[in-house]
Each structure stands twice: as C-alpha cells, then as structure tokens.
2 protein chains.
Amino acid sequence: MNKPDKPSADQRLRYMYESIRQRIGMLHYPPGMMINEMQLANEFGVSRTPLRRVLQQLSYEGLVEIRNGVGTRVTDIDMKTFKDIYDLRILLAETMGSLSPNWVTDRHRKKLDEMIERARDLREKKNIDGYANLSNDLEALICDLIGSKPAREMTDLLYYQVARIWCSFLPNLDWDGVIGETLEELKGLSDALASSDVGTFGKVRATYLRLMLKKVSRYISSD
Amino acid sequence: MNKPDKPSADQRLRYMYESIRQRIGMLHYPPGMMINEMQLANEFGVSRTPLRRVLQQLSYEGLVEIRNGVGTRVTDIDMKTFKDIYDLRILLAETMGSLSPNWVTDRHRKKLDEMIERARDLREKKNIDGYANLSNDLEALICDLIGSKPAREMTDLLYYQVARIWCSFLPNLDWDGVIGETLEELKGLSDALASSDVGTFGKVRATYLRLMLKKVSRYISSD
DNA sequence: GCAGCGCAATCTATATACAGCTATAATGCA
DNA sequence: TGCATTATAGCTGTATATAGATTGCGCTGC
C-alpha cells in the first residue's frame, strides 16, 4: 500500500530539530532571542516533552542555552570561539583526502554544477537567505564526501555553530566580492571533483575558509 | 552558611551522566547490554524523565542506542569507525600546539608526575580498572591543555567513544609491554610540560596513539 | 528617598499516567 | 508439521500536572 503513514517518532523529532536549526542558522531566530517551549510545542502540534528533547540536543550542540527557571535562548558566539571553530574547520578540510574519503559520483558533480548556477543567479540579485541555502547545501555535499563518520559529524556540527554568525556579517560585506569568491571556490571544487580528487577538494575548501575568516576578521578586530 | 544544599538540577544530571559514562567506559556496562530506564531511574532516585535526558545525550554521543519499543543498549563500535576515530584523535593531538593551547602550570606538571607514580604501581600489579582510571585522568589533563573549546570537547568525545573498546582489548595484550610504553609516554609528556611546550606534548601523544592503534590492529585485522 | 524583604509571574525540571511500537510466544488453520 | 496470524509483555514515546528556580516588581520600614 505505502499510504502516507503518520511519521515515526524519529522522523517527527528530526523534522522539529532541522526546522529549529535552520531558523537559528538563518537568523530568523537571532542570537539572544528567547524561545518559549509551550509556544513552539503548540506550533509543531506536540507536547513540551518531545520539543524539549530537541532543544536539549540543540543545547548540547551549542545553538541554544537552557537555564533553569529563566528560559531557553539562542546563543551568541564570542570571537575567540568563532576563530577556534574556523581553525578546526580548516584543519578538517585540509585532511579530507587522508581521512577515509568517500567515492566521488556523478551525482556529486551534478549537484555542484547546479550550485554554480545558483551562485551566478545570486550575483545578479543580492539575497541573503538564498546565499544561506546555497551554503547549507554545499556543506551537505562536502559532508557527503567524508567517509569518516566522526569527522563528518564534527564538520557538520562546526558548520552550524558558525553559519549564523557568518550570515550576520554578510549584509556588511561587499556582496560582489563575496559572491565572486564563492563562485571561484565552487569552480575550484568542481575541478577537483572532475578528477575525483577529494584531497585537492578539501585543500580548495580550506583556502576559501581562510579567506572568509580573514574577510570577517576585519570587522571583528575592532571589538 | 554554605550548608550542604540539595544539588541543583544541573549537578544531578551531570552526576548521572558521568556515572553512566564511566560504567560504559569501564565495561561494567559492556557493549550490547540492555539498559532499563525504570531500573536505572530508581537506582538514582529519580523518575524516568531526567534519566532519559541523560540517556539521550549518551545516545547523541554514540555510547548507547535508543530504539523505540525495543530498549536502550550500549553500542559496539565497528572497526572502521574505531580506526577513523583514532585517526581524528591523532590529528587533533598533532595540532594541539597550534590550536590555541592553554598555559602549562605547575598543577599540570604535578598531576602528571602523580600519574607516573600510578603507572609504576600498575607495572607491579595488573589492574584493568586502575589502568582505565589512569587513562581517564590523563585524558582530562590533556583536555585541560586545549584552549580551543570546540577542539577540547571533540577530543573528550572521541576519547570516550573508543576508551571502552581499548579496555576490552587490554586483557589480551601483553601487560608489561603496554604499561612500559605508557610509562614512556608519560615521561615524554612530562618532559614536554617541563619546557611548557604544548606542541611537543601533542606530538608525543600522537606518537603513542599511533602505537596503541597498531597494537590493537593486529587483533582486529583477523576480523 | 532608599534599602531590603517578600510575593507573584514565568519559566524550566520532574513525576507519572497513558499511548504506541516491537519482538516474541502462543494459536489456529491448511 | 509448518506457516501465518494474533495476542501479549515489555519497552520507549508523549501528554500533562505539579514542583522548583529565577527574576522583577512592589511594598514596607527606616
């Protein structure tokens, strides 16, 4: 039959988790915002119990902070942690080739080519959410090339911890410059995939992670 | 006054978390063992709700697996993941010096010297639990030298994911050889601390992580 | 005016009853 | 006897009421 069954508990939890994580990543829930458990639970049509389970995971991942008697708020990131996370991401990217990489498939290459198209469209028209979505999809592609499960999970975690901070700087940066470099990165990554070279892929990625960190650092050093 | 107040919710959760994690790490809860929520909750004198919160965190960390309608069981680790985790640990150890290290204090040096004494005692008398405790304490010391919060958390996480597997091999390995190499490692680490050189400290650590992986690999390759 | 205390509002933490899922054993039919 | 189906026991998932923590406001007394 395969009728549209009610989703399983795991699926429901996963849906709530990804929804909230995306809202935080896209700054729809900006740092400092208080999250009301009852209200969110009602929105998802569940009780507080499963919603709290999701919030606890997000808390463990550092995206929200739960304080007894006070509330749950979206976290901010201090600049030292921001840089520390970037350093780790760069390290993980540089070693992608040696930490049991996955096989490159045509699906990867096709997805990446689609992203290049999307980046070209973004060059014409500034669109922060569009950039954030592109960024998310690229990260998913990268994780798909990491064969080491712990390295993959770590890479994903670190990305979502800083994605929103990066997004918050985006409006202040030179849009054409950012998109231009993103396009260059995507092309470089595409070339690496063409020769199925995950090692080079990671090194290209690392280069642009450094570049983006440097770009943001200018705005931070004045803190 | 500072009377012995009832511990806070966070403290109670932390206590349960660390208790269970230690039991898993020391193989008192071996891989495959089923954990009964109600029974454990009773043991800690709480209801299922806070206990489940702890189990969910352990599940997120990969130490237990929760399956709806079935139960919660201590996970096992396949050999690929085991090696992947070791590769990451080695990578993190090697870069300890460059990822914002903490300052070395006399407290660190003193603790390490105490560990050398404990290792000497273990050489006389084989004691798996004693070795596991020493190993845990060394890992805590190492984490204390990591200034990068994300790197520290990751290092800790990876350690506890493989500690029990390592412990399960310990009875099959040559005790004198293992203790001898552990002593050498501790002395090497102590020398690095003497000159406050976290970079060398990490490189020594990486060397012995490789050695231990190699030692265990012999038993695994036959799988 | 102000300092300190206490109350109330609001949030998270916990206990508990119940619903839903899964694996297994029992049962009935071919 | 063998297989499919169904009952059932035992587990996790969810809803909800209550307890506990924290903050801020307002009252009171000096």
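Every chain is numbered from 1 and lettered A, B, ... according to where its sequence line falls, protein lines coming before strand lines. All heavy atoms count here, side chains included; hydrogens, waters and symmetry mates do not.
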Participant: Would you indicate whether the side-chain heavy atoms of B/W166 and B/Y159 approach each other to under 4.5 Å?
Facilitator: no

Participant: Strictly distance-based, threshold 3.5 Å: is any side-chain N or O of A/S59 a donor or acceptor partner for the main-chain N or O of A/I66?
Facilitator: no

Participant: Could you pick out which residue, A/G71 or B/S8, lies toward the 5' side of DNA chain C when each is mapped onto its nearest nucleotide?
Facilitator: A/G71

Participant: With respect to the phosphate group of D/dC11, does any side-chain polar atom (N or O) of B/N68 fall under 4.0 Å of OP1 or OP2?
Facilitator: no

Participant: Would you kindly give the CG-to-P distance between B/D10 and C/dT12, to the nearest whole Å?
Facilitator: 14 Å

Participant: My understanding is that only one of B/R53, B/R48, B/R73 makes a salt bridge (charged side-chain N to carboxylate O under 4.0 Å, His left out) with B/E37; could you say which?
Facilitator: B/R48

Participant: Quick one, A/L99 with B/D84, criterion side chain to side chain contact (heavy atoms under 4.5 Å, CB included). Give me CA distance, side-chain angles, the key distance, then yes/no.
Facilitator: CA-CA 7 Å; A/L99 291 179; B/D84 284 343; over 6 Å; no

Participant: Quickly work out the A/N36 CG to C/dA9 P distance and round it to whole Å.
Facilitator: 17 Å

Participant: How close or far is atom C1' of C/dA15 from atom CZ of B/R52, stated in whole angstroms?
Facilitator: 13 Å

Participant: Whether A/T72 contacts C/dT12 is assessed here as follows: a side-chain N or O lying under 4.0 Å from the phosphate OP1 or OP2. Is that the case?
Facilitator: yes

Participant: Please state how far atom CE in A/M38 lies from atom P in C/dT12, giving the value in whole angstrom units.
Facilitator: 11 Å

Participant: So B/L51, base contact, sugar-phosphate only, or nothing? Heavy-atom distance under 4.0 Å.
Facilitator: nothing

Participant: Within the 4.0 Å heavy-atom criterion, would you say A/R53 contacts the bases, only the backbone, or no part of the nucleic acid?
Facilitator: sugar-phosphate

Participant: Examine D/dC11: is either OP1 or OP2 under 4.0 Å from a nitrogen or oxygen in the side chain of B/R73? Give yes or no.
Facilitator: no

Participant: Specify the separation, in whole Å, of atom CD1 of B/I66 and atom P of C/dG20.
Facilitator: 21 Å

Participant: Round to the nearest Å and state the distance from A/F44 atom CZ to D/dG13 atom P.
Facilitator: 19 Å

Participant: Whole angstroms only, please: what is the CG-P distance between A/L55 and C/dC11?
Facilitator: 14 Å

Participant: A/R67 side chain N/O closer than 4.0 Å to the phosphate oxygens (OP1, OP2) of C/dC11?
Facilitator: no

Participant: Measuring to OP1 and OP2 of C/dT14, would you say a side-chain N or O of B/S47 lies under 4.0 angstrom away?
Facilitator: no

Participant: Looking at A/R12, does any N or O in its side chain come under 4.0 Å of the phosphate oxygens OP1/OP2 on D/dT14?
Facilitator: yes

Participant: Is there a side-chain hydrogen bond (donor to acceptor under 3.5 Å, both in side chains) between A/E18 and A/Q22 once you walk through the steps?
Facilitator: CA-CA 6 Å; A/E18 291 187 348; A/Q22 177 145 359; over 6 Å; no

Participant: Taking N and O atoms by type only, does the side chain of B/T49 place a donor or acceptor under 3.5 Å from a partner on the base of C/dA13?
Facilitator: no

Participant: Return the value, rounded to whole Å, for the distance between atom CD of A/E65 and atom C1' of C/dC11.
Facilitator: 14 Å

Participant: Hey, is the side chain of A/R48 poking within less than 4.0 Å of OP1 or OP2 on D/dT16, counting only N and O atoms?
Facilitator: no

Participant: Counting only side-chain heavy atoms from C-beta out, which of D/dT12, D/dT23, C/dT22 sits nearest to A/V70?
Facilitator: D/dT23

